[in-house]
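Below is one structure; the comments refer to it alone.
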Amino acid sequence: MKTAVYGIGNILMGDDGIGPAVVRYLESCLTVDDDLTIEDLGTPSLDLPNYLAGYDRVIFVDAVAAPAPPGSVCLFTREEIIAVSPGIRVSPHEPSINDALIVMDFAGNAPAEVTLVGVVPETLDGGLELSDAVSRAIPAAAEAVMGELAKRGPERVALY
Amino acid sequence: MTRVVIDPITRIEGHLRIDVEVDQGHVQKAWASSTMFRGIEKILVGRDPREAWLFTQRFCGVCTTVHALASVRAVEDSLDLEIPLNAQYIRNLILIAHALHDHIVHFYHLSALDWVDVTQVLKADPKKASSVAESLSDWTGNSAKQMAAVKNRVKGLVDSGQLGPFAHGYWGHPAMKLSPEVNLIAVSHYLQALEYQRYSNQVVAMLGGKTPHIQNVAVGGVSNAINIDSSATLNVDKLVQMKVLLAKVIDFVQNVYVPDVCTVAGFYPEWFGYGKGVTNYLSVPDLPLDGKSTKFDLPGGFIPSGDLAKMIPITGQKDERWRKAVTEDSAHSWYKGGGPLHPWKGETDPNLTDWKEDGKYSWVKAPRYDGQPAQVGPLANVLVGYASGNPLMVKWTDAALAKISTIANVKATPAMLHSTLGRHGARAVRTAVLGDLAMKHLALLTDNILKGDTTIYNKPEFPKGEIQGVGFHEAPRGTLSHWVVIDNGVIKNYQAVVPTTWNASPRDTGGAIGPYESALLGTPIADQQHPLEVLRTVHSFDPCMACAVHMFDPSGNNVARVKVL
């Protein structure tokens with residue numbers, strides 16, 4: 001099963017960089033094979049379908065606006081992501097994970113299994129640093145990704 | 001008199017907000033504002049200029065390559081550093097492949113739904129749609145069977161009670177005019193565009209190492225090892241693979257994208273009469289052909305007041321007039337200071353107030369060229385190319401105008417391009433031109449490598465003291481420039497004047513309005529609760545406002561809010 005783990009977010013905008021930070025952490029402790037891709041995608045927005053096509057399973061790590069304290073890790077299912085209605089598009093940045101999945105469902109080539117590992121940010125002000133609360137959440141978010149990976153084919157994934 | 005505010009709350013930090021005053025069904029006044037503070041250039045101060053591009057390519061998640069290349073060009077300009085021919089061609093191919101992809105996506109996935117009514121597809125006759133499409137081009141993807149399959153797909157979506165990606169379109173709006181068959185053709189090509197733009201992205205990945213963040217750029221050249229006999233480097237096999245991918249994209253551009261834009265234009269000829277706006281046009285030369293960047297395949301220039309005969313050429317990054325002409329004014333922007341500053345002296349110190357229509361109302365500064373607002377983008381690029389007599393620009397512009405004339409049964413002229421539809425037409429023309437140039441630059445690179453040249457990099461040396469540079473790029477959304485001041489090898493100031501800053505510019509000290517604000521004047525509004533016409537004109541510029549924050553909001557707060565006051 002072809003699987004991708006994608007970090008989403010802008011590393012220049014404070015805690016929005018949590019997705020890429022978790023990807024860097026995972027890259028240091030995961031063995032990658034032909035069936036597993038791990039990538040920091042930044043903020044690809046409308047280009048996101050290009051990175052989803054051909055995968056059976058995708059795990060996103062992104063900042064989420066959830067009613068929980070900064071640094072909280074929340075998991076969202078494919079159904080929960082799709083349930084967010086797409087907005088009117090003004091710029092190529094607005095379409096996000098849900099838009100990409102909805103477009104690909106229409107085109108008939110969307111990944112079947114999708115999970116979003118969300119981390120609640122504290123600040124999105126410009127800067128390369130994560131806040132302490134969000135920085136401390138990196139291992140828990142990585143653990144959540146590992147948990148998702150282990151649900152199918154744990155033998156291909158090794159922590160060391 | 002009513003006030004309509006379109007404020008898409010798609011991310012918690014906000015985006016582009018448009019305020020229009022409507023009287024007797026037409027826009028009388030308009031304000032464009034960005035509701036998000038960027039100021040990310042400050043992150044670059046104190047850093048090594050050789051690594052600036054790694055940060056600037058994060059300015060914008062969609063235009064990563066664009067900001068990487070403008071950055072290395074700025075640092076090279078400050079050093080008068082020549083780069084090897086291979087590096088120039090490889091960079092050019094990345095820029096072209098990115099633009100081909102970006103323009104296709106803009107039309108089909110960002111703006112076509114302003115003109116296409118998906119619900120009308122259910123009334124279409126697939127056979128008739130197929131014969132209409134086949135009368136417009138030789139594309140092989142237009143069979144009645146394929147059209148019927150797409151119609152079924154749309155029917156499935158409608159029957160499910162969801163409209164999927166089309167859920168928030170203005171369906172059944174009185175301003176929608178395409179026939180059911182043309183709507184079906186458009187949706188069919190929307191799906192095919194998803195596939196074809198991807199081939200272009202693959203070319204960027206092959207040359208850039210990966211996408212969206214390319215790895216192969218360096219101040220002084222590129223880091224692509226070249227060895228025609230090694231499978232691990234750039235070799236003949238890879239050059240052939242890229243040629244195959246680009247040929248597919250070019251086929252789609254010439255036989256689907258260009259005819260589709262001309263067809264939409266043919267159904268909405270009145271939109272050649274709306275959206276004119278600021279007719280000072282600015283475009284910089286690009287696709288350099290020599291290591292010193294003195295000769296270019298795309299000409300640059302400034303056209304004052306829409307008069308092509310008065311075009312003033314921009315000869316390159318060293319052009320004295322260009323280097324002096326660009327300023328940014330923040331009289332109506334949420335920054336300290338006000339008067340125009342040259343980007344090398346630029347400041348980014350925030351000063352947020354309430355939104356005041358006669359005071360400060362946007363995070364976007366007001367860039368000016370020779371003190372005047374200017375429109376940037378594919379239309380500026382095409383008009384400058386046309387005015388310069390650039391053979392490819394003239395060829396594709398004339399071909400598009402001829403096609404529109406046939407479909408609309410009107411005489412389409414270059415003067416009609418100063419409009420909302422003109423911007424779409426010019427983008428299609430530019431894409432076709434870039435398709436021809438993709439093959440040219442791939443051939444230049446291949447020939448140079450086969451001659452035995454494998455040079456890719458000249459080492460930069462930073463002098464003591466202060467130096468300044470500018471790197472420009474004619475990006476998919478228009479003129480982009482990065483301005484850098486380096487002191488003893490360390491960045492002292494960095495300013496990026498991005499295309500959308502030119503177009504979304506607020507008023508300046510003298511009160512002159514920006515291109516969006518100006519283009520909206522006189523736009524008819526059929527239904528104030530559903531201001532589709534405003535979106536048509538704003539989308540035609542291809543806005544790229546908030547290049548910085550992206551966040552999933554499970555509360556679903558991402559529907560554009562339209563308020564009628």
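If you're wondering where the values come from, they're calculated on a predicted model, not measured in any experiment. Order of the sequence lines fixes the chain letters, A, B, ..., with proteins taken first and strands second; residue numbering starts at 1 for each chain.
- Within the 4.5 angstrom heavy-atom criterion, only side-chain atoms of V187(B), from C-beta onward, approach chain A.
- Heavy atoms closer than 4.5 Å to chain B are found nowhere in F60(A), neither backbone nor side chain.
- With sequence neighbours excluded, the residues forming a side-chain hydrogen bond (donor to acceptor under 3.5 Å, both in side chains) with S540(B) are R423(B), listed by chain and number.
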Quick one: side chains of residues 127-141 of chain A, donor-acceptor pairs under 3.5 Å with protein atoms, not counting sequence neighbours, listed by atom name and distance.
from, atom 1, to, atom 2, distance (Å)
S131(A), OG, D15(A), OD1, 3.3
S131(A), OG, D15(A), OD2, 2.9
S131(A), OG, V134(A), N, 3.4

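- At a 4.5 Å heavy-atom cutoff, V150(B) makes no contact with chain A through either its backbone or its side chain.
- Under 4.0 Å is where a charged nitrogen must lie from a carboxylate oxygen, and between K42(B) and D349(B) at least one such pair does.
- Using a 4.5 Å cut-off between heavy atoms, H106(B) does not touch chain A at all.
- Using a cut-off of 4.0 Å between Lys/Arg side-chain N and Asp/Glu carboxylate O, D40(A) and K210(B) are scored as not salt-bridged.
- The contact between F55(B) and chain A is made by backbone and side chain atoms together, counting heavy-atom distances below 4.5 Å.
- Between R477(B) and D542(B) there is a salt bridge, since at least one side-chain N of the basic residue sits less than 4.0 Å from a carboxylate O of the acidic one.
- In this structure, chain A has heavy atoms under 4.5 Å from both the backbone and the side chain of T211(B).
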